[in-house]
Each structure stands twice: as structure tokens, then as C-alpha cells.
Amino acid sequence: MITVPAVPVDLAPDPAWQTEPIAGSRTAAGFRLRRDGVTVDVRLERCAAGRLRDAYPAGVHDLELRVAAGCPDHLLPALLRSLTAAVRDADPHCRRVVLAVPVADRGGITAAGSAGYRYTVDVDLGQEELALLVAEPDWVTATDIDLDRVPGA
């Protein structure tokens, strides 16, 4: 059995956002963020232990980022960028931050793209169909094109 690492609870997004932890367990944590009179609840959950565990080949450090409804469209890209950077700082082993957006939510998909996420696949979770978008650090997406070099040699 694979041990899923704990979710980081010391999340520190951009200082423009006031951050308050609101709920948590070993594999999930909730936060309430406030900025410019706007309050947004977000949840981080290890993909390997959450609703996406069977939706794609989730790594143990992959985190799903869920943003509750109510974040104004003009703030969503900045919020996603800030949270993604905070996740990377809190968990440098995280290979993917996954944002699952209803496939019909074109505004959410566009906002995610503006924040550096890329579309990967649509998944059907039974009660909802979601588009999975991911943000991956450079160390994951970097490609060594030297075909004559053996890695580790």
C-alpha cells in the first residue's frame, strides 16, 4: 500500500490574500482567502486519496485544487497563480497541481489557462464530467533532447 503524504497546511499565497485554515485532515485541507472584500474558499486534496484517484494515473504528491464558486472572474487567474506557487513552495515534490473544472465552464478553463494550467483530459466521475487542467513545475516538463546521453550515467 502506498502512503500518501500529508497535505501542506502552511499555505502562504500572495500576501494580498489573507489566508485562514478552516478544515483539514491528513489528505485534505480547506482555506478561506480574503482580498478586496471578496471571500473565496479553497480546498487542497491529495489526488491519490481523493475523488480523482481513479480518474487518471495520480502521483502520490499530486494535489487537487478546488476553488468554491463565487470567485470573480477577474480575480480567478491571480488566485490560481498565487495558490499554485504556494503549493510548490509548501511541497516541492508536488508534480501536478490539478484543477478539475466542469467541462461546460469555459470561463474557468480560460482562467486556468491564463494562470499557466494546461488542459489534459476530460473525466467522468459518475455524477459530473470534469476537464482536468494541470500546472506542472519546470523540472517535470523539461525534456533532455540529447538522445546519445544515458540518464544517470
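Since we're looking at a predicted model, the values are computed, not measured. Position 1 is the first residue of the sequence, and the numbers go up from there.
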If hydrophobic clusters are built by linking Ile, Leu, Val, Met, Phe, Trp and Tyr wherever their side-chain heavy atoms come under 4.5 Å apart, do [X] and [Y] end up in the same one?
X: V98; Y: L133; value: no
X: L125; Y: V67; value: no
X: L132; Y: Y119; value: no
X: L75; Y: L33; value: yes
X: V101; Y: V121; value: no

Validation row: [X], [Y] side chains within 4.5 angstrom (heavy atoms):
X: L65; Y: V87; answer: no
X: R66; Y: R51; answer: yes
X: W17; Y: V42; answer: no
X: E45; Y: L63; answer: no
X: D62; Y: C94; answer: no
X: Y117; Y: T84; answer: yes
X: P77; Y: R81; answer: yes
X: T120; Y: Y56; answer: no

Give the intermediate values and the outcome of side chain to side chain contact (heavy atoms under 4.5 Å, CB included) for residues V134 and V97.
CA-CA 6 Å; V134 299; V97 179; over 6 Å; no

Does this structure show an ion pair linking R95 with E136, if we count only N-O contacts that are shorter than 4.0 Å?
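No, R95 and E136 are not salt-bridged.
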
For A58 and A48, work out which heavy atoms get closest and say how close.
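It is CB-N, 4.1 Å.
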
Considering all heavy atoms of both residues, which atom of A111 and which atom of L76 are nearest to each other, and what is their separation?
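Smallest heavy-atom distance, with atoms named: CB-CD2, 3.6 Å.
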
Would you check, one step at a time, whether the test side chain to side chain contact (heavy atoms under 4.5 Å, CB included) holds for R34 with E20?
CA-CA 9 Å; R34 292 183 178 88; E20 169 191 353; 3.1 Å; yes

Side-chain donor/acceptor of [X] to backbone N/O of [Y], under 3.5 Å:
X: S82; Y: A78; answer: no
X: D14; Y: A16; answer: yes
X: R53; Y: G50; answer: yes

Has Q18 got more than 12 heavy atoms of other residues, nucleotides or ligands less than 6.0 Å from its CD?
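Counting neighbours around CD of Q18, 12 or fewer heavy atoms of other residues, nucleotides or ligands fall under 6.0 Å, so no.
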
Kindly compute the distance separating [atom1] ([X]) from [atom2] ([Y]), expressed to the nearest 0.5 Å.
X: S114; Y: I109; atom1: OG; atom2: CD1; result: 12.0 Å
X: C47; Y: H61; atom1: SG; atom2: NE2; result: 12.5 Å
X: L99; Y: L80; atom1: CG; atom2: CG; result: 5.5 Å

Step by step, would you call R46 with E64 a salt bridge (charged side-chain N to carboxylate O under 4.0 Å, His left out)?
CA-CA 6 Å; R46 289 290 178 199; E64 179 186 5; over 6 Å; no

Carefully, step by step, assess L79 and V40 under the rule side chain to side chain contact (heavy atoms under 4.5 Å, CB included).
CA-CA 9 Å; L79 175 66; V40 180; 3.9 Å; yes

